[in-house]
Structures are given as C-alpha cells and as structure tokens.
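Please read these numbers as outputs of a predicted model, since none were measured by experiment.
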Amino acid sequence: MAAILVLICIAVFLAYVRRKPEALTDLMMRQVERNFASDVTLEEKEKLRAAYADFRKRLQERRVGSEPVERLRSILSSAGGSIGRDQVRELTQVFSGAAAPPPAGASSRAPTSSTPALAPSPAP
C-alpha cells in the first residue's frame, strides 16, 4: 500500500513539473542563491538573476528545450556545495543562450523539398 502511495506522489509531482517546469528550476535557483561562494561579486549575481528571469519567461512559454535544464542540474551536481564564480558564469551563459530568440531564418521544421509536385496522369 505504501509503495502505491509513493508511486502516486511521484506521478503527481511529475505531472506538476510538466505543467509548470519553472517550479523545478526555481528550486534549483534557490539552491544556487543559498550557496554562493564568497568570491562571487554582486554584479555576477545580478547578471545571473537577470539571465534566469529571461530564461524563466521562455520556459513558461514552452520555448526552452530540456538541454539547459539538464546542464543546470549537471553544474549544480558538480559544484560540491558552493557555487563559485566559474559556476555562476557558466549558469549565466546557459540561461542567456536558452533565453535568446532563435537566429533569423531559423526554423524548427525540417527543410522542405524544392521539387514541384507532379500532376496526376490522366486516366486512359
């Protein structure tokens, strides 16, 4: 019975995170903010917060893939408790890159063929 309850809780959590992915990244950012190393400057913190705000907005709009979130998780797991300048700069780059609009002319669709469609043959 306890295993079923745990599975239900996990399913509800996963459904919530799929609907509101920013909830998970907000938790991660709170962890970052609690663990800034002493060498991180106020300017670096502000740049990170601004980059995250833009990233979060695009995440809510469903315009961010899973790769930046995976990168965030990777950076946090390798930090070892304290988030230093290098990690802050890397996180800022991840958020800025993910929040940037795609280059002009870029499309997520597969390229289409330039060959014209053939007209059907007349029936004999």
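Rounding to the nearest 0.5 Å gives a distance of 12.5 Å between CG of L48 and CD of E43. Residue L72 holds its CG atom at 12.5 Å from OG of S66, rounded to the nearest 0.5 Å. Between the OH atom of Y52 and the NZ atom of K57 there is a distance of 12.5 Å, given to the nearest 0.5 Å. Distance OG/S78 to CZ/R73: 13.0 Å, rounded to 0.5 Å.
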Exercise. For V40 and I83, what are the C-alpha separation, side-chain angles and deciding distance, and is it a side chain to side chain contact (heavy atoms under 4.5 Å, CB included)?
Worked result: CA-CA 8 Å; V40 180; I83 309 296; 5.8 Å; no

Problem set entry | Criterion side chain to side chain contact (heavy atoms under 4.5 Å, CB included) on T25 and F95, from CA distance to verdict | CA-CA 11 Å; T25 58; F95 292 143; 5.9 Å; no

For this session: Please lay out, stage by stage, how R58 and E61 fare under the test salt bridge (Lys or Arg N to Asp or Glu O under 4.0 Å).
Result: CA-CA 5 Å; R58 288 187 58 90; E61 296 169 347; 5.0 Å; no

Exercise. Side chain to side chain contact (heavy atoms under 4.5 Å, CB included) between K45 and V88: does it pass, once the steps are laid out?
Worked result: CA-CA 7 Å; K45 291 175 185 178; V88 168; 5.9 Å; no

For this session: Show the numbers, then the answer: is there a side chain to side chain contact (heavy atoms under 4.5 Å, CB included) between D26 and R56?
Result: CA-CA 8 Å; D26 287 347; R56 188 178 191 279; 2.8 Å; yes

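Applying the 6.0 Å contact sphere to CG of L27 captures more than 12 heavy atoms from other residues, nucleotides or ligands.
By the salt bridge (Lys or Arg N to Asp or Glu O under 4.0 Å) test, E44 is found to be paired with R85, R89, residues two or more places apart in sequence or in another chain being considered. Evaluation of the side chain to side chain contact (heavy atoms under 4.5 Å, CB included) rule for E33 yields M29, F36, R49 as partners, not counting sequence neighbours.
Taking both residues in full, the closest heavy atoms of G84 and D39 are given as CA-OD1, 3.9 Å, listed atom of the first, atom of the second, then distance. Taking all atoms of both residues into account, the shortest heavy-atom contact from K47 to T92 is O-CG2, 4.0 Å.
Residues P68 and V94 form a side-chain contact, since some pair of their non-hydrogen atoms from C-beta on lies under 4.5 Å apart.
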